[in-house]
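Worksheet: one structure, shown below.
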There are 2 protein chains.
Amino acid sequence: MARPPSALRGHILDSALQLFATQGYKGASLHDIAQVAGCSKASLLYHFVSKEAILAELLTPAGEGLAALDARLSGLEGEEAAEAAVTGFVDLAMRFRREVKVLFQDIPVLAGHPALGAVPAVVDRLMAAMVEGSTEPKALVTAYMVVGAVAVTCAADVPVEDDDLRAELIKGALRTLGRQSR
Amino acid sequence: MARPPSALRGHILDSALQLFATQGYKGASLHDIAQVAGCSKASLLYHFVSKEAILAELLTPAGEGLAALDARLSGLEGEEAAEAAVTGFVDLAMRFRREVKVLFQDIPVLAGHPALGAVPAVVDRLMAAMVEGSTEPKALVTAYMVVGAVAVTCAADVPVEDDDLRAELIKGALRTLGRQSR
DNA sequence: ACAATAGCTGTCCGATCGGTCAGCTCTGAC
DNA sequence: GTCAGAGCTGACCGATCGGACAGCTATTGT
């Protein structure tokens with residue numbers, strides 16, 4: 001039969017993401033991943049140098065998306081920055097729902113990854129953009145709330161259509177920040 | 001020297017909670033816990049029948065607190081129920097911040113526990129109380145947001161005094177739900 | 001003085017973990 | 001036809017996991 005460059009590699013990533021999201025990084029063994037992917041454990045380590053490498057490659061797109069959002073925000077100020085931060089973060093979390101689920105499950109494992117090392121700083125700047133305008137120090141709490149609300153709701157299996165979920169998240173987030181949505 | 005009924009047992013629980021919150025349940029080995037507690041691994045299994053038993057005992061108070069909140073809410077309706085749900089949940093999350101952190105790290109491990117089996121149903125009723133009054137189906141999303149916002153913010157290390165954090169959480173949560181705090 | 005017992009530990013165990021390696025199979029180039 | 005190499009695997013490895021168990025120590029009741 002024909003031999004494509006390797007369809008298995010993609011299946012491995014899919015299987016790993018699914019298992020990491022449901023069982024956590026430590027909870028999903030290479031054996032489990034191989035079983036779901038329909039190949040041998042040794043095959044995983046042929047395509048990836050280690051288990052951590054699978055995780056890193058899995059989370060890289062989300063990390064890049066976050067970095068891109070950060071860059072996009074750097075040119076904005078005030079009301080405009082806050083709104084862009086909210087909508088941008090909601091869109092990002094919607095796009096990477098399963099990745100967000102993984103992030104929650106094994107935070108310490110992810111802290112040291114080169115692909116994700118910048119995440120905390122970027123999230124800090126995201127929150128700063130959200131509270132842009134309000135000078136009171138306690139506004140930081142509402143920014144935490146928005147990040148948590150969006151992340152958890154996206155990671156959860158809310159019985160709502162994606163478009164409705166997105167709209168509701170943005171509306172709710174802006175309301176949390178004390179801003180009325182346009 | 002004097003022999004109190006067992007001060008070590010408490011130290012073990014403290015150490016385990018600390019490690020579970022930072023490393024996750026699977027990430028914290030019995031060896032690690034024993035090291036932090038300053039005793040042998042075998043000693044852990046003298047005081048507790050298994051590693052899972054430590055986790056169960058650790059999370060039981062939080063589970064009971066949630067059940068108590070559920071009972072307290074059952075007699076309320078409308079605006080009163082919504083406000084009580086928000087303040088009650090915020091207080092609960094503030095009281096059990098480290099436990100919430102653990103919850104996020106290894107959700108699948110906790111799902112089957114007898115001490116916590118009722119948690120999903122209780123949280124569902126909590127969210128129902130929060131959206132009490134608003135009939136639109138999408139209000140469920142905002143309830144998810146509030147739960148996520150409060151949980152994540154409590155679990156995080158926000159540089160804000162506890163009293164201020166509590167007040168800000170309640171205010172933000174009510175604003176998220178579209179209600180103005182009194 | 002002497003059992004009895006609670007508290008605690010060193011040591012061992014089978015299972016499972018992530019990872020290595022020699023080698024098999026099949027394809028495409030020549 | 002044959003050779004090189006990509007894709008994949010079974011078998012194996014040391015480390016570590018949660019847990020079992022016999023036994024040590026020191027207090028307590030009598």
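Residue numbers start from 1 in every chain, and the chains themselves are labelled A, B, ... in the order their sequence lines are given, proteins ahead of strands.
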Rounded interatomic separation in angstrom, taking NZ from A:K26 and P from D:dT16: 12 Å
Going by atom type alone, with no hydrogens or angles, which donor-acceptor pairs under 3.5 Å involve a side-chain atom of residues 141-149 of chain A and a protein atom two or more places apart or on another chain?
| residue | atom | partner | partner atom | Å |
| --- | --- | --- | --- | --- |
| A:T142 | OG1 | A:A139 | O | 2.5 |

Length of the CD1-P vector between A:I33 and C:dT16, whole Å: 17 Å
Residue-phosphate contact under 4.0 Å: B:S29 side-chain N/O, D:dC17 OP1/OP2: yes
What is the separation between atom CG on B:D32 and atom C1' on D:dT16, rounded to the nearest whole Å? 11 Å
D:dA15 P sits how many Å from B:L30 CG, rounded? 20 Å
Between CZ of A:R9 and C1' of D:dA6 the distance, given in whole Å, is 14 Å
Hey, any chance A:V131 and A:L174 share a hydrophobic cluster, counting ILVMFWY side chains that come within less than 4.5 Å of each other, even indirectly? no
Of A:S50 and B:S40, the one whose closest DNA chain C nucleotide lies more 5': B:S40
Tell me whether the side-chain N/O atoms of A:H31 come closer than 4.0 Å to OP1 or OP2 in C:dG18. no
Pairs where residues 140-153 of chain B contributes a residue and the test salt bridge (charged side-chain N to carboxylate O under 4.0 Å, His left out) is met, not counting sequence neighbours: none
DNA chain D: 5'-proximal contact among B:L45 and A:C39 (nearest heavy atom): A:C39
Between D:dG19, C:dC8, D:dA20, which one does the side chain of B:A42 approach most closely? D:dA20
Can you tell me how far P of C:dG18 sits from CZ of A:F48, to the nearest Å? 15 Å
Taking only heavy atoms on the protein side, list every residue of residues 11-20 of chain B lying under 4.0 Å from any atom of DNA chain D, sorted numerically. none
For B:D32, all residues meeting salt bridge (Lys or Arg N to Asp or Glu O under 4.0 Å), sequence neighbours excluded: none
Spacing of B:K51 atom NZ relative to D:dG19 atom P, expressed in whole Å: 8 Å
List for me each residue that meets side chain to side chain contact (heavy atoms under 4.5 Å, CB included) alongside A:Y46, sequence neighbours excluded, and say none if there are none. none
Among D:dC8, D:dG19, D:dC17, the one nearest B:K41 by side-chain distance: D:dG19
Phosphate contact (C:dG7 OP1 or OP2) by B:H47 side-chain N/O below 4.0 Å: no
Measure from the side chain of B:Y46, starting at C-beta and using heavy atoms only, and say which of D:dC8, D:dG19, C:dT9 lies closest. C:dT9
Whole angstrom is fine here: how far is it from OH in A:Y25 over to P in C:dC17? 13 Å
Should the pair A:F104 and B:F104 be assigned to parallel (<30°), tilted (30 to 60°) or perpendicular (>60°) ring geometry? parallel
Could you list the residues that satisfy side chain to side chain contact (heavy atoms under 4.5 Å, CB included) with B:D162, not counting sequence neighbours? B:M94, B:R97
